[in-house]
Asks: 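First the structure, then my questions, so here it is.
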Amino acid sequence: MNQGIMNVPPPRNEPEYNYAPGSPERAAIIKEIERLRSSDPPEIPLLVGGREVRTGQLGQVRCPHDHGRVLATFHQAGPQEVAAAVEAAREAWREWSSWDWTDRLAVFLQAADLASTKYRFLLNAATMLNQSKTVHQAEIDAATELIDFYRFNVHHAGLIHGQIMNMAPGNWNHLEPRPLEGFVFAVSPFNFLAIGSNLPTAPAMLGNVVLWKPSSSVVFSNHFLLKLWAEAGLPPGVINFLPGPGDQVGAPVLAQPSLAGLHFTGSTDVFREMWSAIGRNIGRYRNYPRLVGETGGKGFVMVHASTDPALAATALIRGAFEFQGQKCSATSRAYIPDSLWPQVRDLLAAALEEIKVGDVADLRNFMGAVIDRPAFRRVTGYLEYARTSNDHQIVFGGQADDTRGYFIQPTVIRATQPQTKLMNEEIFGPVLTVYVYPEKDFAETLGLCDQTSPYALTGSIFARDRPAVRRALTGLRYSAGNFYINDKTTGAMVGQQPFGGARASGTNDKVGSILNMWRWVNPRTIKETFIPATDFRYPFLGKGP
Ligand code: NAD
């Protein structure tokens, strides 16, 4: 039992390795990729109450840039395993929810240090093979962001535990941040290991127990987190691992009376489906479940005529094509004034000429493959649509080849109307659609940008002219939850630019910030009165004028 008041260590962002030729980290990552490639693919069980469970219903994880290579097989959960996990979580809750908060947080500070050292190259190499990320993209996901989430959320949890209430003479007030009564369902997407790690651990830090369903396409990279957490001292049953098909796992979990929260990141349609299921089940629950969902995006870059075209072109290349455009924050549409378009187009052409797409273990490649066959079909479907529709014209790229891996060339499409299908919908691939607007129509184009897509996640204004920046900040006030001035739409840092969007992009609970952490407590206010009242009569009831 901790008898003192403890401070949480001040958080700092994890420094990034650059993997330049000759660096020790470059040699280490190449060695780790080789080690994983030459190992037999693991058969990954579920983890329920700390016990490995094998259902015999096997799924497969393949390497996106070499789809003949099976990285792992994994057992898939169904209703029976969900019921067992709910029971195991309930059992674990008794102890975990009553641990000293400092002991709980120590587990995650240790996890941060382990991820920064012993596990760094393993998590990065697994992410490169499984998500087809370049070494830089893996480093800023599986190393730095993942570690930052642990350290900053520990800091926020400390602040939540250290709330000081006002006091009046004669009484003592306290806000007790109780864990939720029940379990949290964490459902993660394929694209970031850091998100797979954060969705279950953020609620767990505050004493909650979790059922975690990872994305089926990345069970290989995600399952290493279980080893990391166990080594850091996370007790069995606090996070239960339930890979499997979304509806097969989701439906029985959402029907549980002890569902206390949903921590989701993924597509808008899936979140809406889950919210509807929760609505249908609302009478069953012991508590109203907390619903936190970060969903799709249609990141935009608005270029003003006063900008330097080279800066805009660099931001477009990085924002639209890194990690094959598979970030919710990716730049997916751009508005470019007619006066700058010829220069921007030539700069994009020169950059795209240089960009190589291929196996990410070859560190000369700037891009890898899209995650799986359904993603390849979806993105090439958009390319096909652009080819045959009257209001789009492919300017660069457009080629795709899935012979060995799911490779799609970086593609720039010009929309001849401002509100076309490709300017509207999330594509989640390396496709940038550009609308060239008359320079004099900047103000109207801000309105078009705001009204064109249902999403409101990321956006940016490029301008040297300050009044234009001001107009964009006002005109696009509700168009993005993360807004950038003269920067690309991707690369938000934990602790610096809290992340999340509204409209169809989510509940905007700002992952990695204290706003998100507050969702995972069920506060109890305690007032103690030292000298209780002895007479029910108030002075105003007295006799006299
Ligand atoms: P997805 O919606 O297909 O899957 C997300 C998760 O939901 C997976 O684990 C999936 O198995 C699960 N799932 C599917 N149906 C389910 C159901 N009925 N019940 C329970 N779980 C179910 O998303 P994805 O393809 O993995 O990821 C890409 C999407 O995620 C994009 O739309 C992207 O914009 C979004 N995303 C958003 C953010 C953000 O912060 N806003 C971050 C990353 C990704």
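Whatever order the structure lists them in is the order used to number ligands and atoms, beginning at 1. Keep in mind that the numbers below use all heavy atoms, side chains included, and drop hydrogens, waters and symmetry copies. One-based numbering along the sequence shown.
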Asks: Between S197 and Y150, is there a side-chain donor-acceptor contact under 3.5 Å, judged purely by atom types and distance?
Replies: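 Indeed, the side chains of Y150 and S197 share at least one donor-acceptor pair under 3.5 Å.
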
Asks: Run the side-chain hydrogen bond (donor to acceptor under 3.5 Å, both in side chains) test against K133 and tell me which residues pass, sequence neighbours left out.
Replies: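 K133: side-chain hydrogen bond (donor to acceptor under 3.5 Å, both in side chains) contacts with D141.
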
Asks: Assess the pair H67 and Y406: is the distance between their ring centroids shorter than 6.0 Å?
Replies: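 Yes, the ring centres sit under 6.0 Å apart.
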
Asks: Only counting residues at least two apart or in another chain, list the ones meeting side-chain hydrogen bond (donor to acceptor under 3.5 Å, both in side chains) with R373.
Replies: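 For R373, the residues satisfying side-chain hydrogen bond (donor to acceptor under 3.5 Å, both in side chains) (neighbours in sequence not counted) are D402.
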
Asks: Go through the steps to decide whether M423 and Y435 satisfy the test side chain to side chain contact (heavy atoms under 4.5 Å, CB included), and finish with yes or no.
Replies: CA-CA 8 Å; M423 289 296 281; Y435 175 65; 3.6 Å; yes

Asks: What are the polar N/O contacts of ligand 1 with the protein below 3.5 Å, with distances?
Replies:
from: ligand 1; atom 1: 2 (O); to: S267; atom 2: N; distance (Å): 2.8
from: ligand 1; atom 1: 2 (O); to: S267; atom 2: OG; distance (Å): 2.6
from: ligand 1; atom 1: 9 (O); to: S188; atom 2: O; distance (Å): 2.7
from: ligand 1; atom 1: 9 (O); to: K213; atom 2: NZ; distance (Å): 3.3
from: ligand 1; atom 1: 11 (O); to: K213; atom 2: NZ; distance (Å): 2.8
from: ligand 1; atom 1: 18 (N); to: E273; atom 2: OE2; distance (Å): 3.4
from: ligand 1; atom 1: 19 (N); to: G246; atom 2: O; distance (Å): 3.2
from: ligand 1; atom 1: 26 (O); to: F190; atom 2: N; distance (Å): 3.1
from: ligand 1; atom 1: 30 (O); to: G266; atom 2: O; distance (Å): 3.3
from: ligand 1; atom 1: 32 (O); to: E426; atom 2: OE1; distance (Å): 2.7
from: ligand 1; atom 1: 34 (O); to: E426; atom 2: OE2; distance (Å): 2.6
from: ligand 1; atom 1: 41 (N); to: T295; atom 2: N; distance (Å): 3.3
from: ligand 1; atom 1: 41 (N); to: T295; atom 2: O; distance (Å): 2.7

Asks: For residues 455-462, please give each side-chain donor-acceptor pair under 3.5 Å, one per line with the distance, not counting sequence neighbours.
Replies:
from: T458; atom 1: OG1; to: S329; atom 2: O; distance (Å): 3.1
from: S460; atom 1: OG; to: D487; atom 2: O; distance (Å): 3.0

